[in-house]
K.L.:
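The structure is given below, and queries will be raised subsequently.
The chains referred to below are lettered A, B, ... by the order of the sequence lines, with proteins before strands, and numbering in each begins at 1.
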Number of protein chains: 2
Amino acid sequence: MTIKNLPPCPVEVTLSLIGNRWKCLILRDLLSGTKRFGELKKSVEGITQKVLTSNLREMEANNLLVRRVYAEVPPRVEYTLTKTGMSLRPILEAMFVWGSEYKEKNQA
Amino acid sequence: MTIKNLPPCPVEVTLSLIGNRWKCLILRDLLSGTKRFGELKKSVEGITQKVLTSNLREMEANNLLVRRVYAEVPPRVEYTLTKTGMSLRPILEAMFVWGSEYKEKNQA
DNA sequence: CGGGATCCTAGACGATACTG
DNA sequence: CAGTATCGTCTAGGATCCCG
């Protein structure tokens, strides 16, 4: 998926950028602020480093987040949402709200 | 994914039910009202009947839609969102809004 | 028309080892 | 610590055929 040549339907545009489980969860965890690679690996339950890396790279390429490398030993790499990435918050919030209500109804 | 035993995080709950491209698109097309199988197959661009069927079955099992079969020849099968399915509208709307803005910025 | 049954493939994902 | 590299697995999805 190039950053150009987007689908005609806006919903599909969104799906092409965050239309997978992992990206949504990464997004969820970065909305509260900058995080290191290792922190994300812990908070995004069940993800492997390979998959985490590839998803982060794609999101970086799509301008949803920035990757900042610090020349230290041991190395430190931090990920921060861009303004564009931050603007996805309403979607995640809607998902949070709906999920909460669904849980309440179907599990309580 | 059983309807019980939901993930702790509400966002993950939502993802477990509509966390794939096809379900979101099916949802998008059913929000405007009841549709027949063949109509969905056309409007959900690129989906095969097998994948459409399996996704519809899962969404039915999760109580997001109802399947109504009419004893006619040729057969007619209609799909309608339940109240729960309808309640996902805000998520899809948020995706629509974000996708529109992203397109405008990155393609215009 | 709306599937079910079958077979097959690509790509997503996991596991492990290695490194600057 | 945060990766890259390699290999293996597995399943979502595609293609095709058939049927009530």
K.L.:
Rounded to the nearest angstrom, tell me the gap between atom CZ in A:Arg68 and atom C1' in D:dC1.
P.N.:
18 Å
K.L.:
Provide, to the nearest angstrom, the distance between the CZ atom belonging to B:Arg36 and the C1' atom belonging to C:dC1.
P.N.:
7 Å
K.L.:
Roughly how far, to the nearest 0.5 Å, is the CG atom of B:Leu92 from the CD1 atom of A:Ile91?
P.N.:
10.0 Å
K.L.:
First locate atom OG1 of A:Thr80, then atom CD of A:Glu60, and finally report the distance between them rounded to the nearest 0.5 Å.
P.N.:
11.0 Å
K.L.:
Report whether A:Phe96 and A:Ile26 are members of the same hydrophobic cluster (ILVMFWY, side-chain heavy atoms less than 4.5 Å apart, transitive linking).
P.N.:
yes
K.L.:
Tell me: CZ of B:Arg57 to C1' of C:dG2, nearest whole Å?
P.N.:
9 Å
K.L.:
Rounded off to whole Å, could you give me the CD1-to-P distance for the A:Ile26 and D:dA2 pair?
P.N.:
14 Å
K.L.:
Tell me: CZ of B:Arg21 to P of C:dG11, nearest whole Å?
P.N.:
15 Å
K.L.:
To the nearest angstrom, how far is B:Glu58 atom CD from D:dT11 atom P?
P.N.:
14 Å
K.L.:
Please work out which residues in residues 43-54 of chain A have a non-hydrogen atom less than 4.0 Å from an atom of DNA chain C and list them by number.
P.N.:
A:Gly46, A:Thr48, A:Lys50, A:Val51
K.L.:
Do you know the tightest heavy-atom contact between A:Leu17 and A:Leu64?
P.N.:
O-CD1, 4.2 Å
K.L.:
In terms of side-chain heavy atoms of A:Trp22, which of D:dC1, C:dC13, D:dA2 is nearest?
P.N.:
C:dC13
K.L.:
Honestly curious: do A:Leu65 and A:Leu31 fall in one hydrophobic cluster under the side-chain, below-4.5 Å linking rule?
P.N.:
yes
K.L.:
Could you state the OH-C1' distance from B:Tyr70 to C:dG3, rounded to the nearest angstrom?
P.N.:
17 Å
K.L.:
Name the residue from B:Glu39, B:Arg36, B:Arg67 that meets the side-chain hydrogen bond (donor to acceptor under 3.5 Å, both in side chains) definition with B:Tyr79.
P.N.:
B:Arg67
K.L.:
Could you tell me whether the side chains of B:Asn55 and B:Asn20 share a donor-acceptor contact shorter than 3.5 Å?
P.N.:
yes
K.L.:
Kindly point out which of C:dG3, D:dT4, D:dA2 is positioned nearest to the side chain of A:Pro75?
P.N.:
D:dA2
K.L.:
In whole angstroms, how far is the P atom of C:dC1 from the CZ atom of B:Phe37?
P.N.:
12 Å
K.L.:
Using a 4.0 Å heavy-atom cut-off across all strands, classify B:Arg67 as base, sugar-phosphate, or nothing.
P.N.:
sugar-phosphate
K.L.:
Touch check for B:Tyr79, heavy atoms < 4.0 angstrom, all strands: base, sugar-phosphate only, or nothing?
P.N.:
sugar-phosphate
